[in-house]
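Note sheet for the following structure.
Quick note: numbers below take in every heavy atom, side chains included, and nothing from hydrogens, waters or symmetry partners.
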Amino acid sequence: MLGPVILAASRSDKMRRLISAAPVTKPVVDRFIPGETVDQVVPIIKDLTGKGLEVTMDVVGEDITTPEQSYAARDAYLELIGRLEELGLGTKAEMSVKLSMFGQALEGGHELALANVRPVVEAAAAIGTTVTLDAEDHTTLDSMFAIHEELRKDFPGTGCVIQAYLFRTEADARRLAESGSRVRLVKGAYKEPAEVAYQQKSETDKAYVRILKILMEGEGYPMIGSHDPRLISIAQELARTAGRKLDEYEFQMLYGIRSDEHLRLAAEGHRMRVYTAYGTDWYGYFMRRLAEKPANLLFFARSILTKG
């Protein structure tokens, strides 16, 4: 089981230094993270939206230790929104935020994260788009859901993410579906204990289907976060059974993974959103992408063997 090992490495300062310094790392990272600045990712956003795709933008860097860093994270998103407005791309691009990056783990972090994320949500709404709150490890979720509920009072389009491998998620899905929320369903990419999460892929996959059925039959807007061809096919069937039109749900996939499938789904009339991350603090995000899917790790290993 390489996934847990990689996730442990994602929290290791020693591994961070080793991998960051490796000469082969940057070309591989570029596959998943196409830039470090807004200027570098603007052409990517234009290219994707020009192909009939939509995007959700993530400024990477959840490992913060001071309130000043959380303010910088807020300002980075506000800068992004300003550029999207200039380009007239607000309706094609939303934002994904991790509340840890906005100070959630610091002292008084719940209030700090809410205070930091609110102006981002306000600015997004002003240009015709919205924000989705990413899920992190299970200890942060009660705070995330409380902030989500508070933001939806003024900005009902604010979305959130739920993770199929957690035992609690079916109950969370029912509550969110009843409230009419935008919900992205993913399998989960954090190392969680057996007391709170399924440990076998087969159990997570079964849970994913059960939860997706709840979302499709509910009042909200499901966002299917998966690259799994079988789950994508099941999602399409569940949508048909629930009587959903093509604009009443969407697929979401990561930048750099199964790009041909992005275009295929869009060509069939589906809303297809590409999760696109950028920024300098890419290490944690990159390591979770490797842990999620063995093919990503093989891609990295081949690059090391070829270029090392």
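- Cation-pi check for Arg175 over Phe145 is met; the charged atom lies under 6.0 angstrom from the ring centroid and within 45 degrees of its normal.
- Looking at every heavy atom in both residues, Ile162 comes nearest to Ala173 through CD1-CB, 3.9 Å.
- In terms of modelled atom types and a separation under 3.5 Å, the side chain of Ser233 and the main chain of Pro229 share no donor-acceptor contact.
- Side-chain atoms of His138 and Gln163, non-hydrogen and from C-beta on, never get closer than 4.5 Å to each other.
- Remark: side-chain polar atoms of Thr130 are paired, donor with acceptor, to backbone N or O of Gly157 under 3.5 angstrom.
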Leu176 and Cys160: CA distance, side-chain angles, deciding distance, side-chain contact (heavy atoms from CB on, under 4.5 Å) verdict:
CA-CA 9 Å; Leu176 292 163; Cys160 69; 3.7 Å; yes
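- Although no hydrogens or angles enter the test, the distance criterion places no donor-acceptor pair under 3.5 Å between the side chain of His262 and the main chain of Met253.
- Atoms CG and CG, from Leu99 and Leu114 in turn, are 9.0 Å apart once rounded to the nearest 0.5 Å.
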Does the side-chain contact (heavy atoms from CB on, under 4.5 Å) test come out yes or no for Leu238 and Glu217, once each step is laid out?
CA-CA 9 Å; Leu238 288 175; Glu217 294 177 350; over 6 Å; no
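- Salt bridge absent: Glu178 and Arg174 never bring a charged side-chain N and a carboxylate O closer than 4.0 Å.
- Side-chain contact of Tyr77 with Asp58: a donor-acceptor pair under 3.5 Å is present, judged by distance alone.
- Between Met95 and the options Ile81, Thr132, Val121, a side-chain contact (heavy atoms from CB on, under 4.5 Å) holds for only Ile81.
- When every heavy atom of Phe102 is checked against every heavy atom of Val120, the shortest pair comes out as CE2-CG2, 3.9 Å.
- Between Thr204 and Ala164 the shortest heavy-atom distance is O-CB, 4.0 Å.
- For the pair Glu261 and Ile232, the minimum side-chain heavy-atom distance is below 4.5 Å.
- A donor-acceptor contact shorter than 3.5 Å links the side chain of Thr276 to the backbone of Val274.
- Contact annotation: the side chain of Asp228 never approaches that of Tyr208 to less than 4.5 Å [non-hydrogen atoms, C-beta and beyond].
- By the 4.5 Å heavy-atom criterion applied to side chains, Glu54 and Arg271 are counted as neighbours.
- Under 3.5 Å, the side chains of Asp137 and Thr139 contain a donor-acceptor pair of N or O atoms.
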How far apart are the C-alpha atoms of Glu79 and Arg83, what are their side-chain angles, what is the distance that settles it, and do they pass the salt bridge (Lys or Arg N to Asp or Glu O under 4.0 Å) test?
CA-CA 6 Å; Glu79 178 190 11; Arg83 290 300 299 276; 5.6 Å; no
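- Side-chain contact, Ser143 with Gln104: a donor N or O sits under 3.5 Å from an acceptor N or O.
- Atoms CZ and CE, from Arg273 and Met223 in turn, are 7.5 Å apart once rounded to the nearest 0.5 Å.
- Considering NZ of Lys92 and CD1 of Ile45, their distance stands at 14.0 Å, rounded to 0.5 Å.
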Intermediate values then yes/no, side-chain contact (heavy atoms from CB on, under 4.5 Å), Asp134 and Arg184:
CA-CA 9 Å; Asp134 278 338; Arg184 180 195 304 145; 2.7 Å; yes
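- Enclosure of atom CD in Glu149 is not indicated, since only 12 or fewer non-hydrogen atoms of other residues, nucleotides or ligands lie within 6.0 angstrom.
- Follow the hydrophobic side-chain contacts under 4.5 Å out from Leu80 and you reach Leu89 in the same cluster.
- Proximity of a side-chain donor or acceptor of Glu203 to a complementary backbone N or O of Gln200 within less than 3.5 Å is not detected.
- In terms of hydrophobic clustering, with Ile, Leu, Val, Met, Phe, Trp and Tyr side chains grouped at heavy-atom distances under 4.5 Å, Ile214 and Val183 are assigned to different clusters.
- Val131 and Val186 sit in two unconnected hydrophobic clusters of ILVMFWY residues. Membership requires side-chain heavy atoms under 4.5 Å apart, directly or through other members.
- Side chains of Leu263 and Leu53 form a contact here, defined as non-hydrogen atoms less than 4.5 Å apart.
- Listed here is the closest heavy atom pair of Tyr278 and Ile33: CA-CG2, 3.7 Å.
- Panel note: side chain Arg244, backbone Met216; a donor-acceptor pair is recorded below 3.5 Å.
- Atom CD in Glu192 sits 5.5 Å away from atom CG in Leu166 (nearest 0.5 Å).
- The backbone N or O of Ala93 lies less than 3.5 Å from a partner atom in the side chain of Thr129, making a donor-acceptor pair.
- The hydrophobic clustering, which links ILVMFWY residues whose side-chain heavy atoms are closer than 4.5 Å, places Val161 and Leu215 apart.
- In this structure, Asp142 and Arg168 have side chains that are in contact, with non-hydrogen atoms separated by less than 4.5 Å.
- Side-chain contact between Lys98 and Glu136 is present, with heavy atoms from C-beta onward closer than 4.5 Å.
- When all heavy atoms of Lys245 and Glu248 are compared, the pair lying nearest together is N-OE1, 2.8 Å.
- Heavy-atom minimum distance, Tyr198 versus Ala207: CE1-CB, 3.7 Å.
- Residue Tyr221 is not grouped with residue Phe155 when hydrophobic side chains (ILVMFWY) are merged at heavy-atom distances under 4.5 angstrom, including chains of intermediate members.
- Heavy-atom contacts from other residues, nucleotides or ligands closer than 6.0 Å to CD of Glu219 number 12 or fewer.
- Remark: the Gln236 side chain and the His270 side chain contain an N/O donor-acceptor pair separated by less than 3.5 Å.
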Carefully, step by step, assess Leu231 and Val209 under the rule side-chain contact (heavy atoms from CB on, under 4.5 Å).
CA-CA 7 Å; Leu231 291 180; Val209 174; 3.7 Å; yes
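- No more than 12 heavy atoms of other residues, nucleotides or ligands shown are found within 6.0 angstrom of CD on Glu107.
- In this structure, the side chains of Phe251 and Met272 come closer than 4.5 Å at one or more pairs of heavy atoms.
- In this structure, CD on Gln252 lies 9.5 Å from CG on Leu254, to the nearest 0.5 angstrom.
- For the atom pair CD1 of Ile44 and OG1 of Thr49, the computed distance is 11.0 Å after rounding to the nearest 0.5 Å.
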